[in-house]
Amino acid sequence: MDKYLIKNGHLIDPANNIDSKMDILISGGKVLEVSGNTSGNSASATGAKIIDASGKYIMPGFVDLHVHLREPGFEYKETIMTGAQAAAKGGVTTICPMPNTNPVIDSPAMVMHLRERAKDAPVHILPIGAITCGQDGVDITDIAGMKEAGAVAISEDGKSVLNSWLFRQALHEAAEAGMPVFSHCEDTSLLDGGVMNYGAKSEELGLPGIINAAEDVIVARDILLAKEAGCRLHLCHCSTADSVRLTEMAKKQGLSVTAEACPHHFTMSDDEITEDDGRFKMNPPLRSRADVNALKDGLKEGIIDIISTDHAPHGAEEKAQSMLKAPFGIVGLETSFAISYTVLVRGGYLTLSQLISKMSVNPAKVIGIDKGNLAPGKAADLVIADINTEYEIDSSTFVSKGKNTPFNGMKVYGRVEKTFTDGKIVYDLYS
Ligand code: DOR
Ligand code: ZN
Ligand code: ZN
């Protein structure tokens, strides 16, 4: 097992209140020592490979609660392996794949099968099980059994469970099993064939729009039903100002509700959609500048606890179509840290430590895993990044099969240079 001494870097470890120059010694897959001055002299560092991290930042590996690997069923879009490699390149050492594959991950056997397929992946893969069998909105899955098999949450992502009575029943069963429920909030009866945000831009482009309320009414419903069921609720990809306000209200009531935002939703507004281009299409859609600002304020105020990507790879041809035809979704694993760092930290909304809390510490807490912590004895899942050199996002360099991003060419700071999972280098910019 490799042993590394990472020297002279700046350690950001919010779980242990560390934001300073530290050396970190890793061995046997774990953090062995963290010290303010050179542990190179300590006996335990004998034989370690030295990594000089001068000028670089060391952070716990990111935990992404919301990704789409397309295996089984849509391997031309992404496989478990290519998705995991994209995660490693983005500094993400734990990913939770959504169950909307074909077949759907909707049983203990499917959860175990996915975990088996993922066991040699370069990052940790913790599956999310479906809420209803086949995501057909009729029969509730074996929630306790899927938990037993290793699922960390349940979700119907891609859609909501529209039957409120059935969803209530699922929340009660999830509460009983101690399983968090991840909600994709969307009332499809309010969609009206929409493919982008409803507003001046959709009018200008002559495309059908999706109103904010399509999201907000389900956010409100799910909060109220989770309150009644006493269930842990996590709101996926919040995109509207009212989602933020409703989450704030839930938190003020002391409910066990968390909320995530994705980099695209707090970075780009529908104003920036230049043409009818499938790369700008995702669900929920890019909203108004007022919504974008509300999300950034919500992140700053701690109402939004988590940043996840909703990494949704699709084939190049599928996305090179009008928004009327292209599937919903953009990739995110390889750009989430850079975009979030550039927009939120350099933009003055968060400190780097607060950003790492939202990308690592808080998501780990939602699913109750011992990650996002670099204290001695913890798993050596960590990232070394350069935050001072500007570069351009270039989708042709993505290792994900999906190149579908509206951020190609964006100038950003925050480049992951090395990623370690359980003390092993799983990504190295320089090799
Ligand atoms: O944009 C999206 N893409 N939103 C979803 O809810 C599903 C996802 C996908 O699976 O492609
Ligand atoms: Zn979704
Ligand atoms: Zn999703």
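Start at 1 and go down the list; that is how both ligands and their atoms are numbered.
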Visitor: Are the side chains of F266 and Y349 in contact, using a 4.5 Å heavy-atom criterion?
Guide: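 Heavy-atom side-chain distance check fails, nothing below 4.5 Å.
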Visitor: Just heavy atoms, cut-off under 4.0 Å: does M282 contact ligand 1 by side chain, backbone, both, or neither?
Guide: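 Both backbone and side chain.
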Visitor: Using a strict threshold of under 4.0 Å (side-chain N to carboxylate O), is an ion pair present between D386 and K56?
Guide: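 Answer for the salt bridge query: no.
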Visitor: I need the atoms of ligand 1 closer than 4.0 Å to a non-hydrogen atom of F328, numbered in the order shown.
Guide: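 Listed by number with element: 1 (O), 2 (C), 3 (N), 11 (O).
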Visitor: So which bit of K159 gets within less than 4.0 Å of ligand 1, heavy atoms only: side chain, backbone, both or neither?
Guide: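 Neither part.
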Visitor: Looking only at non-hydrogen atoms, which of V67, N283, T101 approaches atom 5 (C) of ligand 1 most closely?
Guide: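 Looking at heavy atoms only, the winner is N283.
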Visitor: Just jot down the ligand 1 atoms closer than 4.0 angstrom to any heavy atom of H314, in number order.
Guide: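 So the atoms of ligand 1 that pass are 11 (O).
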Visitor: Salt bridge or not between E334 and K403? Use side-chain N to carboxylate O under 4.0 Å.
Guide: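 Judged by the 4.0 Å cut-off on N to carboxylate O distance, E334 and K403 do not form a salt bridge.
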Visitor: Quick test of your reading of the model: are K411 and E390 salt-bridged, counting only N-O distances below 4.0 Å?
Guide: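 Here K411 does not pair with E390 in a salt bridge, since their nearest N and O are not under 4.0 Å apart.
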Visitor: Below 4.0 Å, non-hydrogen atoms only: which portion of D310 touches ligand 1? Side chain, backbone, both or neither.
Guide: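 The answer is the side chain of D310.
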Visitor: Among all protein heavy atoms, pick out the one at the shortest distance from atom 9 (C) of ligand 1; state its residue, atom name and that distance to 0.1 Å.
Guide: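 Closest protein heavy atom to atom 9 (C) of ligand 1: R70 NH2, 3.4 Å.
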Visitor: Should E204 and K201 count as an ion pair when the cut-off is N to O under 4.0 Å?
Guide: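 Salt bridge flag = yes for K201 with E204.
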Visitor: Hey, is K424 close enough to D2 for a salt bridge, meaning N to O under 4.0 Å?
Guide: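 No salt bridge links K424 with D2.
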Visitor: Looking only at the side chains, is there a donor atom on one of D291 and N212 sitting less than 3.5 Å from an acceptor on the other?
Guide: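 Side-chain D/A pair, D291 to N212: present.
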Visitor: Testing the 3.5 Å rule here: is there a donor-acceptor pair between the side chains of E272 and S269?
Guide: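 Judged by distance alone, the side chains do pair up.
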Visitor: Decide, yes or no, whether a salt bridge links R245 with E301 under the criterion of side-chain N to carboxylate O below 4.0 Å.
Guide: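 A salt bridge is present here (some side-chain N lies under 4.0 Å from a carboxylate O).
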Visitor: Mind checking whether P327 has a heavy atom under 4.0 Å from ligand 1?
Guide: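 No, that is not the case, since the closest heavy atom of the residue is not under 4.0 Å from the ligand.
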Visitor: Please check: side-chain N/O of H68 versus main-chain N/O of E78, any donor-acceptor pairing under 3.5 Å?
Guide: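 No.
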Visitor: Could you tally the protein N/O/S atoms lying less than 2.8 Å away from the Zn ion (ligand 3)?
Guide: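 If we list every protein N, O or S atom nearer than 2.8 Å to the Zn ion (ligand 3), we get 4.
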